[in-house]
Amino acid sequence: QVHVVESGGGLVQPGGSLKLSCGTSDSIFSMSAVGWYRQAPGKERELVARILSGVSTNYADFVKGRFTISRDGAKNTVDLQMNSLSPEDTAVYYCNCFKAGRQYWGQGTQVTVSS
């Protein structure tokens with residue numbers, strides 16, 4: 001059983017930055033895949049960024065070079081650095097981890113971009 005916890009969300013002005021962190025009860029190195037997803041009000045959950053085996057990465061088209069996903073071994077986290085945020089990025093952001101054929105989700109962290 002793997003427990004997943006997201007942190008780092010908050011209120012930021014357009015053009016600002018936030019860094020989200022995904023922590024797991026097991027070693028982050030044991031995860032074959034870790035992904036960041038988001039869900040805005042009235043919308044379906046969508047992929048933001050994903051890292052596979054700690055090396056390969058995928059990004060949604062709407063990221064457009066603004067976000068970076070990375071693994072931090074010292075903190076045992078996968079982080080999502082978000083820059084140039086816009087109101088369209090407002091959503092609950094979720095971390096998903098894949099290990100031994102099973103998926104695990106965190107509770108989500110709220111990101112609000114507003115002036």
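Residue Arg71 holds its CZ atom at 6.0 Å from CD1 of Ile51, rounded to the nearest 0.5 Å. The CG atom of Asp79 sits 8.5 Å away from the CG atom of Leu20 when rounded to the nearest 0.5 Å. How far CD1 of Ile28 is from OG1 of Thr77: 7.0 Å, rounded to the nearest 0.5 Å. Asn76 CG to Ser21 OG: the interatomic distance, rounded to the nearest 0.5 Å, is 11.0 Å. A distance of 11.0 Å separates CG of Leu47 from OH of Tyr59, quoted to the nearest 0.5 Å. Annotation: the span from Thr90 atom OG1 to Gln110 atom CD amounts to 7.5 Å, rounded to 0.5 Å.
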Practice problem: Could you check Val111 against Val92 for side-chain contact (heavy atoms from CB on, under 4.5 Å), going step by step and ending with a plain yes or no? | Solution: CA-CA 6 Å; Val111 172; Val92 177; over 6 Å; no
Quiz item: Please walk me through it: do Met31 and Thr24 pass side-chain contact (heavy atoms from CB on, under 4.5 Å)?
Solution: CA-CA 9 Å; Met31 310 298 165; Thr24 63; 3.9 Å; yes
Quiz item: Can Gln13 and Ser114 be said to form a side-chain contact (heavy atoms from CB on, under 4.5 Å), step by step?
Solution: CA-CA 5 Å; Gln13 292 185 329; Ser114 176; over 6 Å; no
Practice problem: Determine, step by step, whether Trp36 and Phe67 satisfy the ring-ring contact (aromatic ring centres under 6.0 Å, His included) criterion, reporting the C-alpha distance in whole Å, the side-chain angles of both residues, the deciding distance to 0.1 Å, and the verdict. | Solution: CA-CA 11 Å; Trp36 280 99; Phe67 300 173; over 10 Å; no
Quiz item: Would Glu6 and Gln107 count as a side-chain hydrogen bond (donor to acceptor under 3.5 Å, both in side chains) if you check the C-alpha gap in whole Å, the side-chain angles of each, and the deciding distance to 0.1 Å?
Solution: CA-CA 7 Å; Glu6 305 95 334; Gln107 82 293 334; 3.3 Å; yes
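For the pair His3/Gln1, a side-chain contact is recorded, criterion being any heavy-atom separation below 4.5 Å from C-beta on. Residues Arg50 and Val34 are not in side-chain contact: their nearest non-hydrogen atoms beyond the backbone lie 4.5 Å or more apart. Side-chain contact between Asp72 and Val78 is absent, with no heavy-atom pair separated by less than 4.5 Å. No side-chain heavy atom of Lys64 sits less than 4.5 Å from a side-chain heavy atom of Phe62. Taking 4.5 Å as the limit, every side-chain heavy atom of Phe98 sits out of range of all side-chain heavy atoms of Tyr104. Side-chain contact between Asp26 and Lys99 is present, with heavy atoms from C-beta onward closer than 4.5 Å. Under the 4.5 Å side-chain criterion, counting only non-hydrogen atoms from C-beta, Leu85 is in contact with Leu18. Two residues are said to be in side-chain contact when any heavy atoms from C-beta on lie closer than 4.5 Å; Tyr93 and Met82 meet this criterion.
Residues Phe29 and Val2 fall within the same hydrophobic cluster, defined by Ile, Leu, Val, Met, Phe, Trp and Tyr side chains chained together at heavy-atom separations under 4.5 Å.
A salt bridge links Asp89 to Arg38: at least one charged side-chain nitrogen sits closer than 4.0 Å to a carboxylate oxygen.
Looking at Arg66, its side chain does come within 3.5 Å of a backbone N or O of Val63 through a donor-acceptor pair. A donor-acceptor pair is defined here as one N or O able to donate and one able to accept, closer than 3.5 Å; no such pair exists between the side chain of Ser53 and the backbone of Val55. Side chain of Tyr94 to main chain of Thr109: no donor-acceptor pair is present (N/O by atom type, distance under 3.5 Å, no hydrogens or angles).
Cys pair Cys97 and Cys22 fails the test of SG atoms under 2.5 Å apart.
In this structure, Ala33 and Leu52 approach most closely via the heavy-atom pair CB-CD2, 3.5 Å.
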